[in-house]
Amino acid sequence: MMGTNMQFIPTESDDASGLSMLHFSYIIQNIIPLSVVDGHKIVEFDKAFEEKQEVSAYEDITPVPVGSTSEGLNMPDLVEVTDEGSRSLQLSDLDILQVMNQFIITFDESKRQQLIFTHDVRELFLWELFALAETNNIHPGYARLYRPKSSLSDVYHDREMSLMNFALHHTDREEYVGMIQINGPALTIPVSASDRRINGKSLPLDKVLALPCQEWPPTANSFKERFKTNNWSWLKGDLIKRIIEGGCHIVPVHHRAVVGDRRRDEWRISFATSERLIAREALTDFQKQAYIAIKVLYHHKLKKFELLSSYHMKTVFFHVCERIHATHWGDNMGSCILYFLDILIKCVRKGNIPSFFIPENNLIDYLTEEELTTLEVELTEIRSKPLDQLLAFFDNKYIEEIGVKLDYTAIFSPVIYDMDFYCELRNFDLTLKEVLRPCSISIMVKYIMSENYKEAVRTAKQVHFLSRKCASEKQTLAKLVLSAVVEIEDSKAERCFLNYVTCQLKEDENFDCCKSYLKHLEQQRMTEDQTYCCVM
């Protein structure tokens, strides 16, 4: 559990940043559309991953995708626009656990005397191992792998030797020679040598040696207990059961503070597959959308210092999701993100980001006071001007799948200008009618002109979703779509978009007005064509 008692209280405005939460949330959800975290992308990812399996030299190695790309929490592909032109920008890679199924790891101390080391010839290659994971007198979240001593091995399994053998195994492939770098427990393979393609693009790879353990670590037992006392329980009982039954993995990386020979004996307990399960099954699309906004702030201001990683962001985010009911993320995303920043700042001030599964494991206990101060200064600046940072990141970038560069500063200028008036008057209906709805229509027109009809409809649905709070007469989604169409000066673009809308929503009677207007446009075109023929 996080070591702070700060409670989440949704508000309409925030004094520290001077932002209206209605306006801040509106801007976030239009800059980072829900389509970025659409669930079908996970299905497509799994299919693409299964279609491109490697043939391993060892029978019992199972590749398991983990990390943000497999979780649906990756930064979307971007396009960066410069004076020299534009270029694709990938800020995510693909992490793959290379699970060595021949290894049998247990945390059960009673099995110590039962452990044997095989006298099979494969022992020479250290590919078959029975070991006890010891967690006493070691940093929380880490373990030593004890095994019976033989003429070929030490008492504790050598982490560095295993990592070296793992690297040698991969450098047997000609295309990897001179390409692979060892980063912590991972072998990093650049895009130029990657054989993994997602959405038609090669991704840089991090391959991680992983030893499977079918047991839940005793040092993580508090994880099971704390959700029993949660009033609303973000993680449900069935999901907790599956997480526990899935066990964990042991990966070859020692704690940063460990020195000397102990570095060779220390391994980290990994919950990467549990995190993937949580991200896929417990997070709502609104929570994922908010997390992408958080990652934007991270990439814009924090990553360059190399003090916090995206894993630290995700850990704090999971803790925050445990505290905030899922419904708040859709209703007041701005408040949720600011609460995340407040919690992160408190963690940095205390010098402690507790692991989500083993809270005793402080993920930043290696940072110096000077480094923590640097982080606090940067985070405080982000917290005071989060919208400025978000807009600055997209000043020269856009999300590739959107397909068009929008001047967000200009587009959202009326929204930003309206914040003070809204905070003073608290007139939601007026703001929706005079500011938010016209802004959405402006965005829709730009999407229609770039032939991204799907995003145009999504933009309409997003502002229509807000109108459910409106006390005055509500505008239908169909009428909102038509409001954008009549702003278009290109009759062909009007017809093409309306054809798309009426085809997609042909069963919805509310869209009969769109069908009628499309019929009117078609008749108008026929009349113009006939007039042209007569003149000729």
Side-chain angles (χ1 to χ4, degrees), residues 14 17 19-38 75-79 81 284-297 300 329-338 385-419 422 428 431-470 475 477 480-481 483-485 487-488 497:
D14 174 66
S17 62
L19 296 175
S20 152
M21 292 301 96
L22 169 66
H23 298 66
F24 185 36
S25 300
Y26 171 85
I27 292 172
I28 292 169
Q29 292 175 302
N30 277 283
I31 289 182
I32 303 168
L34 275 174
S35 57
V36 168
V37 295
D38 195 308
M75 283 285 287
D77 289 340
L78 301 167
V79 175
V81 181
T284 67
D285 285 350
F286 287 124
Q287 287 171 321
K288 293 178 182 179
Q289 188 180 32
Y291 183 66
I292 300 302
I294 288 167
K295 289 187 78 169
V296 166
L297 296 175
H300 184 61
W329 295 87
D331 293 337
N332 199 336
M333 187 175 292
S335 281
C336 295
I337 290 175
L338 295 185
K385 297 180 178 180
L387 180 55
D388 289 354
Q389 309 297 339
L390 195 67
L391 293 174
F393 179 84
F394 283 104
D395 184 54
N396 66 334
K397 303 178 192 71
Y398 64 91
I399 296 173
E400 189 173 65
E401 66 185 77
I402 287 178
V404 59
K405 173 74 173 71
L406 301 180
D407 185 348
Y408 290 122
T409 300
I411 287 173
F412 295 121
S413 178
V415 179
I416 295 169
Y417 183 75
D418 183 64
M419 285 195 194
Y422 178 78
F428 175 82
T431 285
L432 178 65
K433 180 181 178 181
E434 300 294 334
V435 181
L436 303 186
R437 192 177 288 157
C439 184
S440 291
I441 289 172
S442 173
I443 295 172
M444 287 173 65
V445 169
K446 294 182 184 301
Y447 283 144
I448 293 168
M449 295 308 296
S450 65
E451 300 183 6
N452 190 342
Y453 304 143
K454 182 179 178 181
E455 281 305 320
V457 172
R458 182 211 56 78
T459 302
K461 288 180 176 179
Q462 192 268 333
V463 74
H464 184 254
F465 177 75
L466 281 177
S467 68
R468 76 197 193 285
K469 302 177 184 178
C470 191
Q475 187 177 38
L477 179 60
L480 185 58
V481 168
S483 296
V485 171
E487 294 293 325
I488 300 172
F497 175 61

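Owing to the predicted nature of the structure, the values given are computational and were not obtained by experimental measurement. Throughout, residue positions are numbered sequentially from 1 according to the sequence presented.
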A side-chain contact here means heavy atoms from C-beta on lying under 4.5 Å apart; do K461 and L477 qualify? yes
Mind checking whether I32 and V37 have side chains closer than 4.5 Å, heavy atoms only? no
Go through Y447 and V404 one step at a time and tell me if the side-chain contact (heavy atoms from CB on, under 4.5 Å) criterion holds. CA-CA 7 Å; Y447 283 144; V404 59; 3.9 Å; yes
Minimal heavy-atom distance between L390 and A293, with the atoms involved, is CD1-O, 4.2 Å
Do you know the tightest heavy-atom contact between F412 and I31? CE1-CG1, 3.6 Å
Under a 4.5 Å cut-off applied to non-hydrogen side-chain atoms, are H23 and D418 in contact? yes
For the residue pair L19 and L387, establish whether any side-chain heavy-atom pair is separated by less than 4.5 Å. yes
Would you indicate whether the side-chain heavy atoms of L78 and I399 approach each other to under 4.5 Å? yes
Would you find a donor on one side and an acceptor on the other, under 3.5 Å apart, between the side chain of S450 and the backbone of K446? yes
Validation row: F24, D14 side chains within 4.5 angstrom (heavy atoms): no
Could you tell me which non-hydrogen atom of P33 sits nearest to which non-hydrogen atom of E455, and how far apart they are? CB-OE1, 3.4 Å
Using the side-chain contact (heavy atoms from CB on, under 4.5 Å) rule, take F393 and L297 through it: C-alpha gap first, then chi angles, then the decisive distance, then the call. CA-CA 8 Å; F393 179 84; L297 296 175; over 6 Å; no
Answer yes or no: is there a side-chain heavy-atom contact under 4.5 Å between Q289 and F286? yes
For the residue pair V435 and V415, what are the closest heavy atoms and their distance? CG1-CA, 3.7 Å
Parallel, tilted or perpendicular: rings of Y408 and F394 (30°, 60°): perpendicular
Report the C-alpha separation of L338 and M21 in whole Å, then their side-chain angles, then the decisive distance to 0.1 Å, and conclude whether the side-chain contact (heavy atoms from CB on, under 4.5 Å) test is met. CA-CA 10 Å; L338 295 185; M21 292 301 96; 3.5 Å; yes
So, does S413 use its side chain to make a donor-acceptor pair with the main chain of A410 at under 3.5 Å? no
Can you tell if the side chain of L22 reaches within under 4.5 Å of the side chain of L436, non-hydrogen atoms only? yes
Is it the case that the side chain of E400 and the backbone of P76 share a donor-acceptor pair, with hydrogens and angles ignored and the cut-off at 3.5 Å? no
If I take atom CD1 from residue I402 and atom OG1 from residue T459, how far apart are they, to the nearest 0.5 angstrom? 8.0 Å
To check you understand the geometry: which heavy-atom pair defines the closest contact between M444 and V481, and what is its length? CE-CA, 4.0 Å
From Q462 atom CD to S467 atom OG, the distance as rounded to the nearest 0.5 Å: 10.5 Å
Measuring from atom CD of Q29 to atom CZ of F465, what distance do you get when rounded to the nearest 0.5 angstrom? 8.0 Å
To the nearest 0.5 Å, what is the distance between CD (E401) and OG (S35)? 4.5 Å
Please report the interatomic distance NZ(K385) to CG(L391), rounded to the nearest 0.5 Å. 12.5 Å
Taking K405 for the side chain and D395 for the main chain, is one N or O donor matched with an acceptor at less than 3.5 Å? yes
Rounded distance [0.5 Å steps], OH in Y453 versus CD in E451: 4.5 Å
Minimum heavy-atom separation for V485 and F497, please, with both atom names. CG2-CD2, 3.6 Å
